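Let me begin by presenting the structure, written as structure tokens, before commenting on it.
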There are 2 protein chains.
Amino acid sequence: MVQEPLEVLNRYLTEHGMKHTRQREIIVEEFFKSNKHLQIEELLNQVKKVEPSIGYVTVYRTLMLLKECGLAHQRHFGEGKSLFEKAGDHHDHMICIKCGSIHEFEDDRIEKLQDQIAKRINFKIVSHRHEVYGCCSRCQNE
Amino acid sequence: MVQEPLEVLNRYLTEHGMKHTRQREIIVEEFFKSNKHLQIEELLNQVKKVEPSIGYVTVYRTLMLLKECGLAHQRHFGEGKSLFEKAGDHHDHMICIKCGSIHEFEDDRIEKLQDQIAKRINFKIVSHRHEVYGCCSRCQNE
DNA sequence: ACTGATTTGAAAGTAGTTTTCATTGGAGAT
DNA sequence: ATCTCCAATGAAAACTACTTTCAAATCAGT
Ligand SMILES: [Mn+2]
Ligand SMILES: [Mn+2]
Ligand SMILES: [Zn+2]
Ligand SMILES: [Zn+2]
């Protein structure tokens with residue numbers, strides 16, 4: 001049975017002597033409401049619609065917290081701002097260099113080949129990033 | 001027949017009304033002398049042994065120049081400083097998160113699978129990065 | 001050597017975080 | 001309900017890794 005994100009977070013908070021706050025509640029709710037890859041500032045804008053006094057730093061810190069308890073992933077596509085997405089099944093990304101759209105993919109055959117190569121040099125894989133940059137279907141027709 | 005890096009560079013310089021300078025000569029020579037993935041500051045240190053008056057910015061600009069003429073690649077592993085390596089056959093990387101050592105690999109089967117996935121969504125690939133992070137053989141025994 | 005554009009190096013500027021610190025606020029104890 | 005204390009917050013400052021600016025120095029064609 002899968003744990004609800006909020007349960008995981010609440011357990012993490014109590015186990016670490018951390019507090020429940022209105023800000024965290026709003027930020028986490030807005031984050032999980034969206035299904036996109038979000039910049040900190042994008043999430044901040046969402047959050048400010050609910051509570052305008054919340055600042056960038058609190059959103060930033062809450063995302064770090066979600067990362068720490070494994071509920072979010074931080075991605076660094078290209079060279080600009082990083083993006084956050086909720087954790088879920090593993091996948092990699094194809095990123096359109098024209099419009100920025102992101103297409104997720106996953107392929108067990110690639111992951112297996114990757115494991116084989118690692119095993120050959122006795123390398124213990126902890127994580128990987130496989131990012132493909134190019135031009136999406138929509139951006140090719142214009 | 002393969003072009004010598006220096007020929008390629010010199011042609012690029014004259015074709016773009018750029019000049020041949022002692023600094024560029026030293027920096028390029030030191031860069032191609034090494035076979036590693038180098039930080040700007042590492043290359044700067046090498047260069048300063050030959051000519052201490054050369055500054056960071058000139059090394060930086062020369063590396064940008066080498067990138068522009070396709071003689072070097074810039075890599076962004078992890079989140080820190082970027083690394084530069086001379087251009088050559090395409091390959092991807094396994095990076096040890098303990099000691100920082102880098103193992104290059106290439107696998108046509110992975111590249112083919114990647115092409116297939118792209119074709120399926122009509123995505124035109126321009127470039128990709130496939131980086132595997134983990135623990136190298138040496139760092140596991142200690 | 002003269003000339004005019006290019007290069008150089010120090011310093012300043014930028015982007016995207018990340019840390020600091022004074023103040024506010026949550027929650028268990030009284 | 002109030003106390004108390006430690007954690008959380010937000011504004012501002014600091015930080016990192018570049019990137020640009022600008023005045024002085026260099027290069028290379030007359
Ligand atoms: Mn994703
Ligand atoms: Mn390499
Ligand atoms: Zn696109
Ligand atoms: Zn290692």
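Nothing here was measured: the structure is a model prediction, and the numbers come from that model. Throughout, a chain's letter reflects where its sequence line sits, starting with A, and its residues are numbered from 1.
Annotation: proximity of residues 65-86 of chain A to DNA chain C (heavy atom, distance under 4.0 Å) is found for A:K81, A:S82, numbered in ascending order.
The distance between the ring centers of B:H130 and B:H90 does not fall below 6.0 angstrom.
Separating the CE atom of A:M18 from the P atom of C:dA27 is a distance of 13 Å, rounded to the nearest angstrom. Here C:dT19 presents its P atom at 12 Å from OH of A:Y56, a figure rounded to the nearest Å. The distance from atom CG of A:L63 to atom P of C:dT18 is 11 Å, rounded to the nearest whole Å. Rounded to a whole Å, the CE atom of B:M64 is 16 Å from the P atom of C:dT7. B:H16 has its NE2 atom 11 Å from the P atom of C:dT7, to the nearest Å. In this structure, CD1 of B:I54 is placed 15 Å from P of C:dT7, rounded to the nearest angstrom. One can place CD of A:E51 at 14 Å from C1' of C:dG25, the figure rounded to the nearest angstrom. Per the geometry, CD belonging to A:E41 stands 12 Å off P belonging to C:dA15, to the nearest Å.
One finds no salt bridge joining A:K36 and A:E85 here, because no Lys/Arg side-chain nitrogen approaches an Asp/Glu carboxylate oxygen to under 4.0 Å. Note on A:K33 versus A:E30: salt bridge recorded, some NZ/NE/NH1/NH2 to OD/OE distance being below 4.0 Å.
Of all the heavy atoms in A:C136 and A:C96, the pair that sits closest is N-SG, 3.4 Å.
For the residue pair A:S82/A:Q74, the side-chain donor-acceptor check at 3.5 Å is satisfied. Side-chain N/O atoms of A:E41 and A:Y56 include no donor and acceptor closer than 3.5 Å. In summary, the side chains of A:H76 and B:E79 do present a donor paired with an acceptor at a separation below 3.5 Å, with no hydrogens or angles considered. Counted by atom type alone, A:H91 and A:E104 present one or more donor-acceptor pairs between their side chains at under 3.5 Å.
Contact footprint of chain B on DNA chain D: nucleotides with an atom under 4.0 Å from a non-hydrogen protein atom, first to last in 5' to 3' order, D:dA17 to D:dA28.
When each of C:dG9, C:dT19, C:dT7 is scored by its nearest atom to the side-chain atoms of A:V57, the top-ranked nucleotide is C:dT19.
Residue contacts shown for B:R24 are limited to sugar-phosphate atoms, with no base heavy atom under 4.0 Å away.
Residue A:H20 is the one, among A:H20 and B:K19, whose nearest nucleotide of DNA chain D lies closer to the 5' end (criterion: closest heavy atom).
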| task | Let me see the working for B:H93 and B:H37 under ring pair (Phe, Tyr, Trp, His ring centres under 6.0 Å), right down to the final yes or no. | result | CA-CA 11 Å; B:H93 299 89; B:H37 298 78; 5.1 Å; yes
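Considering only side-chain N and O atoms, A:Q39 lies nowhere under 4.0 angstrom from the phosphate OP1 or OP2 of C:dG16.
Between the side chain of B:R61 and the base of C:dG9, at least one donor-acceptor pair of N or O atoms lies under 3.5 Å.
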